[in-house]
Amino acid sequence: MASRTLSRRLSTALIAPALALGATVGLASAPAQAAVWNSCDQWGSTTLNGYTLYNDIWGSGAGSQCIWANSGTNWGVWADHPNTGGIKSYPNAKKVINKSITSLSSLTSSYNVSVPSSGAYETAYDIWDTGYKYEIMLWVNKTGPVGPLGSSQGTVSLGGSTWTVYKGNNGANDVFSFVRGSNSSSGTVNILPILKWIKDTKGWFGNVTIGDVQFGYEITSSSGGLNFTTNSLSVSSS
């Protein structure tokens with residue numbers, strides 16, 4: 001499917017071996033607040049009010065994880081992944097854009113999350129071109145021993161925040177990671193200037209068509225079970 005799941009299947013060849021979760025997935029129950037939809041399936045997904053939700057347990061050695069949703073913009077995850085290295089999952093909500101950078105006059109997103117103080121994870125946007133050749137990650141908060149792929153390219157102030165920029169390649173696609181200078185649980189990101197900076201200032205790609213804007217939690221460990229809640233989310237473009 002044209003999602004983080006497909007991209008991760010393609011990109012994890014050098015990062016993590018194919019996983020066989022077996023009976024570990026689906027043992028836990030979704031929280032009681034799951035009013036509309038929930039799933040403990042490895043690739044569980046649904047579409048609600050214009051957003052597609054994915055449980056997306058893609059990494060090797062994963063434990064149990066369940067996703068619930070009241071809407072496409074109010075959802076959360078309970079995850080119990082062991083204290084081992086390597087990303088286990090990226091539960092996320094996706095909004096499809098399908099516009100070239102030069103045809104966009106705006107692309108913004110607002111978020112409000114409640115995340116644990118323990119574990120190892122980051123809350124991140126994952127933005128893809130339609131060909132899944134380029135991946136732009138915007139880390140708005142991080143906890144524990146996690147770090148972006150590639151080498152540091154310095155800092156830049158764009159889109160309402162100051163970021164440390166990393167550039168790398170995972171063997172399947174180029175990855176440009178923007179790590180926010182301080183953790184944030186709520187805010188608004190002006191995404192378009194970031195894309196234009198990559199295109200026009202750095203020349204790392206041309207006038208690509210932006211396909212997916214995803215927002216979620218890239219979880220490395222959450223031993224004992226931790227809750228990640230998206231209280232609200234919006235992705236808007238014109």
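What's counted below: heavy atoms across the whole structure, side chains too, no hydrogens, waters or symmetry copies. For reference, positions follow the sequence shown, starting with 1. Just so it is clear, the model here is predicted, and its values are computed rather than measured.
- Inter-residue side-chain proximity for I101 and L192 is flagged as met; some heavy-atom pair is nearer than 4.5 Å.
- Here the side chain of S222 pairs a donor or acceptor atom with the backbone of A79 at under 3.5 angstrom.
- Under the ring pair (Phe, Tyr, Trp, His ring centres under 6.0 Å) rule, F215 has a single partner from Y54, Y125, W75, which is Y125.
- No side-chain donor-acceptor contact under 3.5 Å links T73 and S232.
- Taking each heavy atom of L48 and A69 in turn, the nearest pair found is CD1-CB, 3.8 Å.
- Looking at I219 and F228, their side chains come closer than 4.5 Å, going by heavy atoms from C-beta outward.
- Side-chain contact between V235 and S109 is present, with at least one heavy-atom pair separated by less than 4.5 Å.
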Test side-chain hydrogen bond (donor to acceptor under 3.5 Å, both in side chains) applied to T108 and S236, step by step: CA-CA 5 Å; T108 62; S236 303; 4.7 Å; no
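- One side chain, S114 or N231, offers a donor N or O that lies under 3.5 Å from an acceptor on the other.
- Of all heavy-atom pairs spanning N70 and V36, the tightest one is O-CG2, 3.2 Å.
- Side-chain N/O atoms of S89 and Y217 include no donor and acceptor closer than 3.5 Å.
- Here I198 contributes atom CD1 and I127 contributes atom CD1; the two are 8.0 Å apart, rounded to the nearest 0.5 Å.
- Closest heavy-atom contact between F178 and F176: CD1-O, 4.0 Å.
- Legend: side chain to side chain donor-acceptor pair (under 3.5 Å) pairs involving residues 152-168, not counting sequence neighbours, sorted by first then second residue: S151-Q153, S157-T162, S161-R180.
- Contact of the V189 side chain with the I194 side chain is registered, since non-hydrogen atoms from C-beta on lie closer than 4.5 Å.
- Nearest approach of L104 to S237, heavy atoms of both residues: CD2-CB, 4.0 Å.
- Proximity of a side-chain donor or acceptor of H81 to a complementary backbone N or O of G63 within less than 3.5 Å is detected.
- Separation of atoms CD1 (I97) and OG1 (T130) is listed at 12.5 Å; rounding is to 0.5 Å.
- Here the side chain of D129 pairs a donor or acceptor atom with the backbone of G131 at under 3.5 angstrom.
- Side-chain N/O atoms of S221 and N83 include a donor and acceptor closer than 3.5 Å.
- No continuous path of hydrophobic side-chain contacts links L138 to V96 [ILVMFWY only; heavy atoms under 4.5 Å].
- Looking only at distances, no side-chain donor or acceptor of N55 sits under 3.5 Å from a matching main-chain atom of W43.
- Nearest heavy-atom pair across A124 and M137 is CB-CE, 3.9 Å.
- A donor-acceptor pair shorter than 3.5 Å can be found between the side chains of T123 and N141.
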Go through it in stages, so that I can follow the logic: the residues are L226 and S118, the test is side-chain contact (heavy atoms from CB on, under 4.5 Å), and I'd like the CA-CA distance, side-chain angles, deciding distance and then a yes or no. CA-CA 8 Å; L226 298 175; S118 60; 3.7 Å; yes
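- Counting only distance, with no hydrogens or angles, the side chain of N183 and the backbone of K142 share a donor-acceptor pair below 3.5 Å.
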For a side-chain contact (heavy atoms from CB on, under 4.5 Å) check, start with the C-alpha distance between W204 and K199, then their side-chain angles and the critical distance, and finish with the verdict. CA-CA 6 Å; W204 291 338; K199 171 183 172 290; over 6 Å; no
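- One finds the CG atom of N190 at 8.0 Å from the CG atom of L107 (value rounded to the nearest 0.5 Å).
- Atom CG in N169 sits 10.5 Å away from atom NZ in K133 (nearest 0.5 Å).
- Remark: K95 NZ is packed, more than 12 non-hydrogen atoms of other residues, nucleotides or ligands lying under 6.0 Å away.
- Note: L233 CG to S71 OG = 9.0 Å, rounded to the nearest 0.5 Å.
- Side-chain atoms of K88 come within 3.5 Å of backbone N or O of G86 as a donor-acceptor pair.
- Interatomic distance, T230 OG1 to N74 CG, rounded to the nearest 0.5 Å: 8.0 Å.
- Residues S64 and W78 meet the side-chain proximity criterion, which asks for heavy atoms closer than 4.5 Å.
- A side chain to side chain contact (heavy atoms under 4.5 Å, CB included) with E135 holds for exactly one of N170, D212, D174; it is N170.
- N92 places a side-chain N or O within 3.5 Å of a backbone atom of Y90 that can act as its donor or acceptor partner.
- A donor-acceptor pair under 3.5 Å links the side-chain atoms of Q42 to the main chain of I57, judged by distance alone.
- Taking all atoms of both residues into account, the shortest heavy-atom contact from P82 to G61 is CG-O, 3.3 Å.
- No side-chain heavy atom of P91 sits less than 4.5 Å from a side-chain heavy atom of D56.
- Checking T143 against Y121 by side-chain atom types alone, a donor-acceptor pair falls below 3.5 Å.
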